[in-house]
Amino acid sequence: MDVSEHPVRLLLSDDLERDRLTVFFRFVLAIPHFIWLALWSIVALLVAVLNWVAALILGRAPAPLYRFLAAYVRYVTQFYGYYHLVANPYPAFSGRATYPVDLTIAAPGRQSRWSIAIRAPLLLPAALIFLGLAGAPAGANRARPGTNANYTVSLGLLNVTAFLGWFASLARGRMPRGLRDAGAYSLSYGAQFWSYALLLTDRYPDSDPLAAVPGLPVRSDPIRLELADDLRRSRLTVFFRAPLAVPHLIWLELWSILAFFGAVLNWLVTLSTGRSPNWLHRFLAAYLRYAYHVYAFLYLIANPFPGFVGKTGSYPFEIVIAPRERQSRWKTGFRIILAVPGLILTSVYGALAFVVVVLGWFSSLARGRMPRGLRNAGALALRYQAQTHGYLLLLTDAYPYSGPTREAD
């Protein structure tokens with residue numbers, strides 16, 4: 001195995017086809033698996049404790065315990081792949097049968113005893129990303145004695161892609177590639193997270209979406225990302241990143257007021273003529289580029305202090321916007337309604353970007369570099385947000401692509 005490859009890797013052979021009947025009743029069909037998963041999880045917890053003690057003594061996971069926990073992680077991945085519409089066939093209950101969303105887990109090897117001993121605190125940064133991708137379970141929060149419990153649930157990327165994919169699959173009989181791949185990214189990270197937690201490997205989970213999903217498409221969208229960042233970060237500017245961004249945030253707020261009125265005018269003209277005025281397209285394109293120069297700087301996705309005009313090619317994080325083209329009038333007329341699914345997904349990607357900046361801030365201060373996985377996860381989030389906002393501004397009528405992608409040269 002290539003040393004650069006993670007010991008726990010996702011295998012994806014799904015063809016995107018979905019059976020509308022099983023999609024509609026997916027939750028009901030999943031009930032036997034939920035019961036079985038709950039029972040298996042109880043046993044897995046006990047085995048995990050035993051595995052921790054044994055690995056601390058031996059410096060590696062014993063083979064029988066490793067096989068049991070590896071089968072458990074594979075089963076969880078297969079089941080949640082089915083439940084969240086990343087795959088279509090009904091999964092087996094064993095965690096050993098092949099499935100369109102599957103895992104390959106390397107054989108057990110020696111692990112550092114000190115990392116085994118403190119595995120729980122080492123998991124905390126990865127847990128933040130895991131919650132951003134997979135979501136947090138519902139929980140009760142009692143504000144004060146005598147009040148009713150407040151039940152909340154934190155939706156992650158996996159849950160939102162399943163929610164949107166449910167409607168799309170019912171309508172089209174296919175899962176959109178972007179939503180499927182975004183869900184697969186979440187499952188891949190979850191599998192690596194649990195493998196690290198259960199001592200199947202001592203390799204830390206990789207948050208890089210480009211490494212998580214096999215066979216990513218090469219795309220050249222009308223609004224796309226060009227990333228020339230070298231990962232190096234100035235500790236001084238990282239430490240003061242928020243106050244350094246204040247002038248840009250003020251200028252962006254002022255520019256946003258003009259952009260709002262420009263967007264309204266652009267909507268009226270495009271609705272009547274089928275094409276944005278050239279000067280409005282240039283103005284709104286510069287605004288979008290500038291906004292994401294600022295966000296990339298603020299979220300540590302890039303390092304240099306950006307300019308104030310959104311000049312093309314002036315920043316390592318560049319939103320490339322195609323020249324204006326004719327647009328469908330009916331899509332233009334209903335643009336705000338059509339953008340609602342994209343805006344829902346944008347909010348989830350925003351939560352992921354927030355986790356990226358928190359973890360990236362500490363890591364960049366310590367090492368003077370932004371971890372590639374965190375940088376690429378944040379770049380995915382900002383790229384999707386830029387495509388959604390460009391769609392709303394009528395810079396294109398191409399719908400934002402929701403999954404990770406490799407940009408065309």
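Everything quoted here is computed from the prediction, not taken from an experiment. Values reported hereafter were calculated over all heavy atoms of this structure, with side chains retained and with hydrogens, waters and symmetry mates removed.
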Pro247 to Leu244 - nearest heavy-atom pair and separation: CD-O, 3.3 Å
If you count the non-hydrogen atoms of other residues, nucleotides and ligands that lie under 6.0 Å from CZ in Arg367, is the total more than 12? yes
Check the pair Asp102 / Gln78 against side chain to side chain donor-acceptor pair (under 3.5 Å), numbers first and verdict last. CA-CA 6 Å; Asp102 210 342; Gln78 292 173 0; 3.2 Å; yes
Within a strict 4.5 Å, meaning less than it, do heavy atoms of the Tyr80 and Val86 side chains meet? no
Atom CH2 of Trp194: over 12 foreign heavy atoms under 6.0 Å: no
Test of understanding: with side-chain hydrogen bond (donor to acceptor under 3.5 Å, both in side chains), list the residues that count as partners of Arg67, not counting sequence neighbours. none
To the nearest 0.5 angstrom, please state how far the CG atom of Leu393 sits from the CZ atom of Arg335. 10.0 Å
Please say whether more than 12 non-hydrogen atoms of neighbouring residues, nucleotides or ligands are located less than 6.0 Å from CZ in Phe308. yes
Less than 4.5 Å apart, side chain to side chain, heavy atoms only: is that true for Thr77 and Leu10? yes
For Trp52, enumerate each residue passing the ring pair (Phe, Tyr, Trp, His ring centres under 6.0 Å) test, keeping only those at least two apart in sequence or located in another chain. none
Got a list of side-chain donor-acceptor pairs under 3.5 Å for residues 348-364, not counting sequence neighbours?
residue, atom, partner, partner atom, Å
Tyr349, OH, Ser402, O, 2.6
Trp361, NE1, Val238, O, 2.9
Ser364, OG, Gly360, O, 2.8

Contact between Tyr292 and His389 at the side-chain level, heavy atoms closer than 4.5 Å - yes or no? yes
Going by distance alone, is a donor N or O of one side chain under 3.5 Å from an acceptor N or O of the other, for Asn266 and Ser276? yes
Does Arg20, at its CZ atom, have more than 12 non-hydrogen atoms belonging to other residues, nucleotides or ligands within less than 6.0 Å? yes
Quick one: are Asn376 and Leu227 in side-chain contact, heavy atoms under 4.5 Å? yes
What residues, two or more places apart in sequence or in another chain, satisfy side chain to side chain contact (heavy atoms under 4.5 Å, CB included) together with Thr104? Arg9, Leu11
Any side-chain heavy atom of Leu345 sitting closer than 4.5 Å to one from Leu179? yes
Show me the donor-acceptor pairs, under 3.5 Å and distance only, between side chains in residues 35-46 and residues at least two apart or in other chains.
residue, atom, partner, partner atom, Å
Trp36, NE1, Phe93, O, 2.9
Ser41, OG, Leu37, O, 2.7
Ser41, OG, Tyr72, OH, 2.8

Side chain proximity check, Arg74 to Tyr99, heavy atoms < 4.5 angstrom: no
Side chains of Arg219 and Arg224: closer than 4.5 Å at any heavy-atom pair? no
For the atom pair CG (Asp397) and OG (Ser328), what is the distance rounded to the nearest 0.5 Å? 6.5 Å
Smallest heavy-atom separation, Leu298 atom then Leu249 atom, equals CD2-CD2, 4.4 Å
For the residue pair Pro32 and Tyr90, establish whether any side-chain heavy-atom pair is separated by less than 4.5 Å. yes
Closest non-hydrogen atoms of Pro404 and Leu216, given as atom of the first, atom of the second and distance, are O-CD2, 3.5 Å
Does Arg275 CZ have over 12 foreign heavy atoms under 6.0 Å away? yes
Counting only pairs under 3.5 Å, give me each side-chain donor-acceptor contact of residues 115-133, with atom names and distances, residues two or more places apart or in other chains.
residue, atom, partner, partner atom, Å
Ser115, OG, Ser112, O, 2.8
Ser115, OG, Arg119, NH2, 3.4
Arg119, NE, Ser115, O, 3.2
Arg119, NH1, Tyr196, O, 2.7
Arg119, NH1, Thr201, O, 3.2
Arg119, NH2, Gln111, OE1, 3.1

Using every non-hydrogen atom in the two residues, find where Ser234 and Asn303 come nearest and quote the distance to one decimal. N-OD1, 3.2 Å
Take atom OH of Tyr204 as the centre, draw a 6.0 Å sphere, and report whether it contains more than 12 heavy atoms from other residues, nucleotides or ligands. yes
Using ring centroids (six-membered ring only for Trp), state whether Tyr83 and His33 fall under 6.0 Å. no
Might you point out which heavy atoms bring Ala191 and Val73 nearest each other, and give the distance in Å? O-CG1, 4.0 Å
Quick one: are the ring centres of Phe79 and Phe34 less than 6.0 Å apart? yes
Looking at Glu253, I'd like to know if its CD atom is crowded, meaning that more than 12 non-hydrogen atoms belonging to other residues, nucleotides or ligands lie closer than 6.0 Å. no
